[in-house]
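Comments concern the structure below.
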There are 2 protein chains.
Amino acid sequence: MSKELTITQQKILDFIIEKRATGKIPTLAEIAGHFGYRNRSTVRQHLQALERKGYIKRNPNVSRGIELLTEDKFFVPRPVLGEVAAGNPLTIYPDAIDTIELPTIARMPKDSFLLKVKGDSLKDAYIFTGDVVIVNPNTQPRNGQIVVAVLDDAAVVKRFYKKRNRIELHSENPEYEPIVIEKNYSGFKLVGVVIGVYRSMERKVG
Amino acid sequence: MSKELTITQQKILDFIIEKRATGKIPTLAEIAGHFGYRNRSTVRQHLQALERKGYIKRNPNVSRGIELLTEDKFFVPRPVLGEVAAGNPLTIYPDAIDTIELPTIARMPKDSFLLKVKGDSLKDAYIFTGDVVIVNPNTQPRNGQIVVAVLDDAAVVKRFYKKRNRIELHSENPEYEPIVIEKNYSGFKLVGVVIGVYRSMERKVG
DNA sequence: ATTTTTACCATACAAATGTATGGTATTTAG
DNA sequence: CTAAATACCATACATTTGTATGGTAAAAAT
């Protein structure tokens, strides 16, 4: 079907896929800049090759008009910043602990990030070990939303409830007691709101 | 914080959000074309207003350089084409039966669509009623992948296994017998491969 | 050995895109 | 009532972006 790609072509294709996942298809100039090319014609020729080999479709005279056609390439490695315990707190890691293959459909909103869930206290909310939660920081949670928070240098995923002078973090699983944080307690920091759960099907194949 | 938007501004913002979900931020010309404006300056002024009110950020001299800032507006209504029975087959609907609020992170690959899951035969794969599966058509499934197929005008979600002269569709749940389709049986049509499961957290709030 | 493909370059051009300025009419706010 | 914001228009311009053509050199294919 589709022919083999050269190393350069593959790199350019990967770059386009990666950029697309973060939001925007790059322009020829942006691709050229990334690879240090001094003009766009070089990029254009590689794109022509990619199109001829069936990996992309170019929309003539349309800015950022590259369409990706290779379904197998629709997965992008994305860093997972840490594991997050739905049950007992676990230490959060400063750097990426893992990389998952996230489909490009799951584009990350600005500043949002991924955490892999470990533990079972959210099983009643149908979140399981291995699922990836998409966390949106810089958003004020509403009562009842599932949030990620750092409590004494450990991360937790709980339902958020703001009361008068304290914040309560509830587990779905009744085995776990609600965590109560008094207002102004310095060991507590809200990380963000869980806006979605994604589970790739690719992992379970084979 | 952010000021109120006028109807026109809201419509333009919605249009940008919707377009972004399908892949690309629109250009001024594309926005103008959609609303019937005869020039781009009209659009530009609305964009300036949106930026002034804090809803977007414009990157000067960058094509399609609009960044969306309003996290609350990160949800796009998307049509759900039908319900899909993980257990016994259910009739598939010709038109959208429902609309869900999908976050724009869940951008749809070209031609892919959404189906809402109903039934429990996939509970062992942790897919539940109310979850939305993202279906990618035009892709040949590999053995073991979860597929959506139409069998005698009803839709099913099963694991796909291709054998010598037949196709087998397995449920995760052992209560359901595998469905065996002889090759060339005309009542069978593969719809697509389930590439992911998405569950919005927004629904469970309140 | 020769041709084709690949991988770059430079320059020029056209189309798309964003920008700037000024105009008219209507609606909203003070 | 008056000023400001809104909602369009037209025209002109600058920049970005994609396109076209031609060139050099090396690697791969025939």
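Of the options A/Arg64, A/Lys19, A/Arg40, a salt bridge (charged side-chain N to carboxylate O under 4.0 Å, His left out) to A/Glu30 is made by A/Arg64 and by none of the others.
In this structure, the nucleotide among C/dT21, D/dT17, D/dT19 sitting nearest to the side chain of A/Arg58 is D/dT19. Comparing C/dT19, D/dT17, C/dC9 against the side chain of A/Tyr37 picks out C/dC9 as the nearest.
Of the two residues contacting DNA chain D, namely A/Glu30 and A/Ser41, the nearest-nucleotide position lying further toward the 5' end is that of A/Glu30. Residue B/Gly36 is the one, among B/Val62 and B/Gly36, whose nearest nucleotide of DNA chain D lies closer to the 5' end (criterion: closest heavy atom).
One axis for each end of the helix from C/dA1-D/dT30 to C/dG30-D/dC1, each built from five base pairs, and the angle between them comes to 40° at 10° resolution.
A/Lys53 has no carboxylate O lying under 4.0 Å from a charged side-chain N of A/Glu51, or vice versa, which leaves the two without a salt bridge.
Computed from coordinates, the A/Ile25 CD1 to D/dG18 C1' distance equals 15 Å when rounded to whole Å. One can place CZ of A/Phe35 at 14 Å from C1' of C/dC8, the figure rounded to the nearest angstrom. Look at CG on A/Leu5: it is 16 Å from P on C/dT5, rounded to the nearest Å. For the pair B/Lys11 NZ and D/dT6 C1', the computed distance is 14 Å after rounding to whole Å. Spacing between atom NZ of B/Lys24 and atom C1' of C/dA16 amounts to 12 Å, rounded to whole angstrom units. Atom CG of B/Asn39 and atom P of C/dT21 are 16 Å apart (whole Å). Rounded to an integer number of Å, the gap from CZ of B/Arg64 to C1' of D/dT15 is 16 Å. Between the CG atom of A/Asn59 and the C1' atom of C/dA15 there is a distance of 15 Å, rounded to whole Å.
A side-chain donor from one of A/Glu168 and A/His170 sits under 3.5 Å from a side-chain acceptor of the other. A donor-acceptor contact closer than 3.5 angstrom links the side chains of A/Asn59 and A/Lys57.
Using a 4.0 Å heavy-atom cutoff across all strands shown, A/Asn61 reaches sugar-phosphate atoms only and no base atom.
Under 4.0 angstrom from either OP1 or OP2 of D/dA7 there lies no side-chain N or O belonging to B/Thr42. Taking only side-chain nitrogens and oxygens, B/Thr27 never comes nearer than 4.0 Å to OP1 or OP2 of C/dA16. Taking side-chain N and O atoms only, A/His46 has no distance below 4.0 Å to OP1 or OP2 of C/dT6. Taking only side-chain nitrogens and oxygens, B/Arg38 never comes nearer than 4.0 Å to OP1 or OP2 of D/dC8. In terms of phosphate contacts, A/Lys53 brings a side-chain nitrogen or oxygen within less than 4.0 Å of OP1 or OP2 of C/dT6. Remark: B/Ser63 is in phosphate contact with D/dT17, judged by side-chain N or O atoms under 4.0 Å from OP1 or OP2. Listed pair A/Thr6 / C/dT5 fails the phosphate criterion, with no side-chain N or O lying under 4.0 Å from OP1 or OP2. B/Arg44 has a side-chain polar atom (N or O) that falls below the 4.0 Å cut-off from OP1 or OP2 of C/dT19. Here A/Arg40 does not reach the OP1 or OP2 of D/dT19: none of its side-chain N or O atoms lies under 4.0 Å away. The shortest distance between the side-chain N/O atoms of B/Gln9 and the OP1/OP2 oxygens of D/dA5 is not below 4.0 Å.
Counting only heavy atoms from C-beta outward, the side chains of B/Val62 and A/Lys24 approach each other to under 4.5 Å.
The backbone N or O of B/Thr42 sits nowhere less than 3.5 Å from a side-chain atom of B/Gln45 that would complete a donor-acceptor pair. Remark: side-chain polar atoms of A/Asn143 are paired, donor with acceptor, to backbone N or O of A/Lys162 under 3.5 angstrom.
Of all non-hydrogen atoms in B/Ile25 and B/Ile66, the two that sit nearest each other are CD1-O, 3.5 Å.
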